[in-house]
Amino acid sequence: MINLREFSKSYNQFMAVSNLTLEIKNGEIMGFAGLNGAGKTTTIRAISGLIFPTGGSIEVDGHNIVNDKVMASMQIGLVPEFPNFELDAKPLQLLKYYAGFYGINSADAEKRAIELLKKLGIYQYADKKLKMYSQGMKKRFSIASALIGDPNNYLFDETLNGLDPQGVKDVRDLMLSLKKEGKCVFLSSHILTELQNVADRIAIIKQGRLIKILERDDLANLGNTVIKIGIRNPDNNINSVLKGYGDVIFENSFYFIRNASKNLDTSEINSELVKSGYRVFYISRESEALEEYFLKAVN
Ligand SMILES: Nc1ncnc2c1ncn2[C@@H]1O[C@H](COP(=O)(O)OP(=O)(O)OP(=O)(O)O)[C@@H](O)[C@H]1O
């Protein structure tokens, strides 16, 4: 479990992250979405203890990442956005070395390292130095490194980037299996549809501030129908006509009915509006994707 309480990080006078409070539970995949520079990597680096908070606190399984760093770090597996390791090493060798940090003995380390290389689909390249690996293979190796100590909490920073479709599927399946084992998974990405596919909740961050947490129900509703209506002669009574069909929002000169029933026929609304004296110049059924929602939220 990861607990951020009022976490802030500044670089000189610049607040990269401000007062971020977030709890990522065991058995949960929490997505972390934001535009470039929003503060995702800063947050992930602070959770993993690579940088110190300027304010607030971060706990990993109840261990403070600053005051109780060794215990906290033992329970973290980090897959950085740009993995960086000794490129002249071979994967088995390096995984066994990392296993030492978790107090795993040599025989167990070798067994687990082989298992992981197989699981990540790179065992056939075990004899090659890491400098021979493609970007996708390096990412797979980085995931194996995060898993070697079998920690309870996983931080995936833009891990789906640079993977081919098979790689995306493999990593998604891996995250789901970690969730099933009761692990805590925190995944940042700007590939929002990927987050929507895998995450239980998605926290949206903008300029270092948490602006919204999308819950499971919100995520399910995002694929729902939205009916967009343009009216030439709107007035205050129109809401009472439309509200029976769903949640009514007026935005950019159009009415939107959200959470409308999938079977709702636009001609039914049209005739109801015409009967009430409204002149309808546009009516259509659209579906609101996470991407649109996200862009609206952050812009
Ligand atoms: N070491 C640093 N020194 C000064 N400013 C920094 C440093 N690291 C990050 N920042 C700034 O903090 C802000 C947040 O950066 P961060 O890397 O956390 O964003 P991000 O959401 O991960 O972005 P991206 O999607 O581009 O990876 C940015 O404005 C960035 O320029």
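Just so you know, ligand 1 is whichever comes first in the structure, and atom 1 is the first atom listed for that ligand.
- Here is the list of ligand 1 atoms found below 4.0 Å of a heavy atom in A38: 19 (O), 20 (P), 21 (O).
- Below 3.5 Å of separation, one finds no N or O of T43 facing any N or O of ligand 1.
- Protein heavy atom nearest atom 25 (O) of ligand 1, with residue, atom name and distance: K40 NZ, 2.8 Å.
- Of the protein's heavy atoms, T42 OG1, 3.6 Å lies nearest to atom 16 (P) of ligand 1.
- For atom 31 (O) of ligand 1, the nearest protein heavy atom lies 4.0 Å or farther away.
- Rounding to the nearest 0.5 Å gives a distance of 4.5 Å between CD1 of I204 and CG of L214.
- Here the CZ-NZ distance, from R201 to K25, works out to 4.0 Å after rounding to the nearest 0.5 Å.
- Ligand 1 does not have V17 within reach: every non-hydrogen atom of the residue lies 4.0 Å or more from it.
- Across all their heavy atoms, L155 and I44 have their closest contact at CD1-O, 3.8 Å.
- Ligand 1 has no N or O atom lying under 3.5 Å from any N or O atom of F14, backbone or side chain.
- Of the options A16, G39, A46, the smallest heavy-atom separation from atom 12 (O) of ligand 1 is shown by A16.
- Nearest protein heavy-atom neighbour of atom 17 (O) of ligand 1: T41 CB, 3.7 Å.
- Y11 CD1, 3.4 Å is the protein heavy atom nearest to atom 5 (N) of ligand 1.
- For the atom pair CD (E6) and CG (N19), the distance works out to 4.5 Å, reported to the nearest 0.5 Å.
- Residues D235 and Y278 bring a donor and an acceptor atom of their side chains to less than 3.5 Å of each other.
- Looking only at heavy atoms of the protein, atom 26 (O) of ligand 1 is closest to N36 ND2, 3.0 Å.
- Taking the centre and axis of the six-membered ring of F32, the NZ or CZ atom of K40 falls outside the cone set by 45° and 6.0 Å.
- Between F156 and Y154, the two ring planes are parallel [angle under 30°; tilted spans 30° to 60°].
- Note: Y97 and F101 meet the aromatic proximity criterion, with ring centroids under 6.0 Å apart.
- Contact annotation: the side chain of I51 approaches that of K9 to within less than 4.5 Å [non-hydrogen atoms, C-beta and beyond].
- Looking at G34 next to ligand 1, no N or O pair under 3.5 Å apart turns up.
- Among V241, I229, V274, the one residue that satisfies the side chain to side chain contact (heavy atoms under 4.5 Å, CB included) test with I269 is I229.
- Among all protein heavy atoms, the one lying closest to atom 27 (O) of ligand 1 is E81 OE1, 3.4 Å.
- For ligand 1, the atoms closer than 4.0 angstrom to any heavy atom of L35 are 21 (O).
- In terms of protein heavy-atom proximity, atom 14 (C) of ligand 1 is closest to G37 O, 3.3 Å.
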